Amino acid sequence: MTTPHATPRATTEGTVYTVTGGDWDEVVESALKADDERIIVNMGPQHPSTHGVLRLILEIDGETVTEARCGIGYLHTGIEKNLEFRNWTQGTTFVTRMDYLTPFFNEAAYCLGVEKLLGIEDQIPDRATVLRVLLMELNRISSHLVCIATGGMELGATTIMIYGFRDRELVLDLFELITGLRMNHAFIRPGGLAQDLPRARSTSCASSSGP
Amino acid sequence: MKKNLPEYDKLATGNPIFKARMQDVGYLDLAGCVALGATGPVLRSAGLPHDLRKSDPYCGYETYEFDVPTADTCDSYGRFLIRLEEMRQSLRIIEQCLDRLEPGPVMVADKKIAWPAQLALGPDGLGNSLDHIRKIMGTSMEALIHHFKLVTEGFRVPAGQTYTAIESPKGELGAHVVSDGGTRPYRVHFRDPSFTNLQAMAAMCEGGQVADVIVAVASIDPVMGGVDR
């Protein structure tokens, strides 16, 4: 018994598919038939502990989870499709917004790919590569801090949340100094970087990471 | 930052409540990780020291000194410890970066590809440097045409496709870039680690308590902006 989740409909523009939300009806139907102890909990997509808009569909028996599924798509932005309508450099502006906690990694993955197609990997200046590594590692720290901070908050530990965001702020201040923006930098471009470091920044970087 | 990182150890690593909530929760062993394609801290918490910075270096990572932390507990607590250690390793890499910073250009020399102007901070905010604007507007018609063509139309990328993977904090972040030879991408697909790791959620949660689901999802660290794109 399969339900098509995308029903076709003919229009003057061609066939239009209406995408509906999964097999939720089936789940409810089978739940009605089952014994009373079985409950299906729809956690999210706006639950504070579900990392943004993740929807968890949990089938529980008492306190035990018997089936867990996730519903995604609540933050679909069409970034990949949009990339096809902008030039290669403008692409960084889109990809930096994908995983908004790791903008430099998105930019680096995209730009390394474009540079490979252009065949200019060897011509990227050393300074640009070192700065990319520097920014990516700073970004790794800020991303892990958010993970630990929000993970702690979801356990009910608010102190670790405050600590995590406090230290993340140090990293974001550096990003702001270097790129002009705290998030969504679009700083790594195919071919190098959008701009050089502002003067006297490497000292502040050292003092933030130093003892 | 070095001063602040030990605070997490003090606050959480030995904390009995923290440990009770996280140990043996969100269990996924190596076979499960490999079968589901999980990467990043989830995979390393199962004991496999897989890190693309080591196994398939890019951006010169092979020349930096750093360790890849692993755990053999396969649980949320192991992933937490791995993230803490990775932050320390990142600080090590940052220090090596600062030692290596030499003055020089930050954009490729090829004028057909390089963005014509570097950004500069002017009186009205960040934008094209005033020197550059003075040059293209006042002295060289060819430079103005070059700037206009490159900025509005962009450069052409030879037809072909490539898959580039880097190690993001969450795992393998891959970009599949396809070009048809034009000034715009034909298709760009991202293999986002949050998306792939989220598949492991069911395997980690089923059979456990409802409250543990939250811990397991937090240990995967999915970011929905990356999952849904």
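Note that the structure is a prediction, hence the values are computed from the model and not measured. Chain letters run A, B, ... following the sequence lines, proteins first and then strands; every chain starts at 1.
A salt bridge does not link A:E121 with A:K116: every distance from a Lys NZ or Arg NE/NH1/NH2 to an Asp or Glu carboxylate oxygen is 4.0 Å or more. A salt bridge links B:R88 with B:E85: at least one charged nitrogen is closer than 4.0 Å to a carboxylate oxygen. Residues B:R53 and B:E62 are not paired through a salt bridge, judged by the lack of any N-O separation under 4.0 Å between the basic side chain and the carboxylate. The residues A:R132 and A:E107 are annotated as not salt-bridged, no charged nitrogen and carboxylate oxygen being separated by less than 4.0 angstrom. A salt bridge does not link A:D99 with B:R229: every distance from a Lys NZ or Arg NE/NH1/NH2 to an Asp or Glu carboxylate oxygen is 4.0 Å or more.
Between the side chains of B:S45 and B:R79, at least one donor N or O sits under 3.5 Å from an acceptor N or O. A side-chain donor from one of B:S90 and A:E137 sits under 3.5 Å from a side-chain acceptor of the other.
Classified by interplanar angle (parallel below 30°, tilted 30° to 60°, perpendicular above 60°), the ring pair A:F104/A:F175 is perpendicular.
Contacts between A:L118 and chain B at a heavy-atom distance below 4.5 Å involve backbone atoms as well as side-chain atoms. Heavy atoms of A:L155 lying under 4.5 Å from chain B belong to its backbone as well as its side chain. Contact annotation for A:F85: only backbone heavy atoms (N, CA, C, O) come within less than 4.5 Å of a heavy atom of chain B. Proximity to chain A involves both the backbone and the side chain of B:L173, based on heavy atoms less than 4.5 angstrom apart. Heavy atoms of B:I93 lying under 4.5 Å from chain A belong exclusively to its side chain. There is no contact between B:S76 and chain A, counting heavy-atom distances below 4.5 Å. B:M22 touches chain A through its side chain: at least one heavy atom from C-beta onward sits under 4.5 Å away, while N, CA, C and O do not. In this structure, the portion of B:E153 lying under 4.5 Å from any heavy atom of chain A is its backbone and not its side chain. Contacts of B:Q209 with chain A are made by both backbone and side-chain atoms, with heavy-atom separations under 4.5 Å. Contact annotation for B:Q199: neither backbone nor side-chain heavy atoms come within less than 4.5 Å of a heavy atom of chain A. Only the side chain of A:V95 comes within less than 4.5 Å of a heavy atom in chain B; its backbone stays farther off. When heavy atoms are compared at a cutoff of 4.5 Å, B:V25 does not approach chain A at all.
Across B:A202, B:P193, B:S168, the residue that shares the most heavy-atom pairs under 4.5 angstrom with chain A is B:S168. Comparing B:G154, B:A175, B:P105 by how many heavy-atom pairs each has under 4.5 Å with chain A, the most go to B:P105. Contact count against chain B (heavy-atom pairs under 4.5 Å) is highest for A:R140 among A:R140, A:H76, A:K81, A:Q123. Across B:L150, B:V213, B:V215, B:V210, the residue that shares the most heavy-atom pairs under 4.5 angstrom with chain A is B:V210. When the candidates A:G192, A:C70, A:A109 are compared by the number of heavy-atom contacts under 4.5 Å with chain B, A:A109 comes out ahead. Between chain B and the options A:R166, A:R189, A:E115, the largest number of non-hydrogen pairs under 4.5 Å is found for A:R166. Between chain A and the residues B:C205, B:A203, B:G208, the largest count of heavy-atom pairs under 4.5 Å involves B:G208. Put simply, of A:G164, A:G119, A:G152, A:G180, the one with the most heavy-atom pairs under 4.5 Å next to chain B is A:G164. Contacts with chain A were tallied for B:C97, B:P169, B:G226; B:P169 has the most, counting heavy-atom pairs under 4.5 Å. With chain B as partner, the option from A:T102, A:I79, A:I72 having the largest number of non-hydrogen pairs under 4.5 angstrom is A:I72. The candidate from B:Y186, B:Y163, B:F195, B:F66 with the greatest count of non-hydrogen atom pairs under 4.5 Å with chain A is B:Y186.
Remark: B:R100 qualifies as a cation-pi partner of B:Y64 under the 6.0 Å distance and 45° angle criteria applied to the six-membered ring.
Heavy-atom contacts from other residues, nucleotides or ligands closer than 6.0 Å to CG of B:D180 number more than 12.
Here CE of A:M161 is found 9.0 Å from OG1 of A:T159. Values are rounded to the nearest 0.5 Å. Annotation: the span from A:H185 atom NE2 to A:T93 atom OG1 amounts to 12.5 Å, rounded to 0.5 Å.
Using a 4.5 Å heavy-atom threshold, the side chains of B:D221 and A:S143 count as touching. Proximity of B:P185 to B:V178: side-chain heavy atoms (C-beta onward) are nowhere separated by under 4.5 Å.
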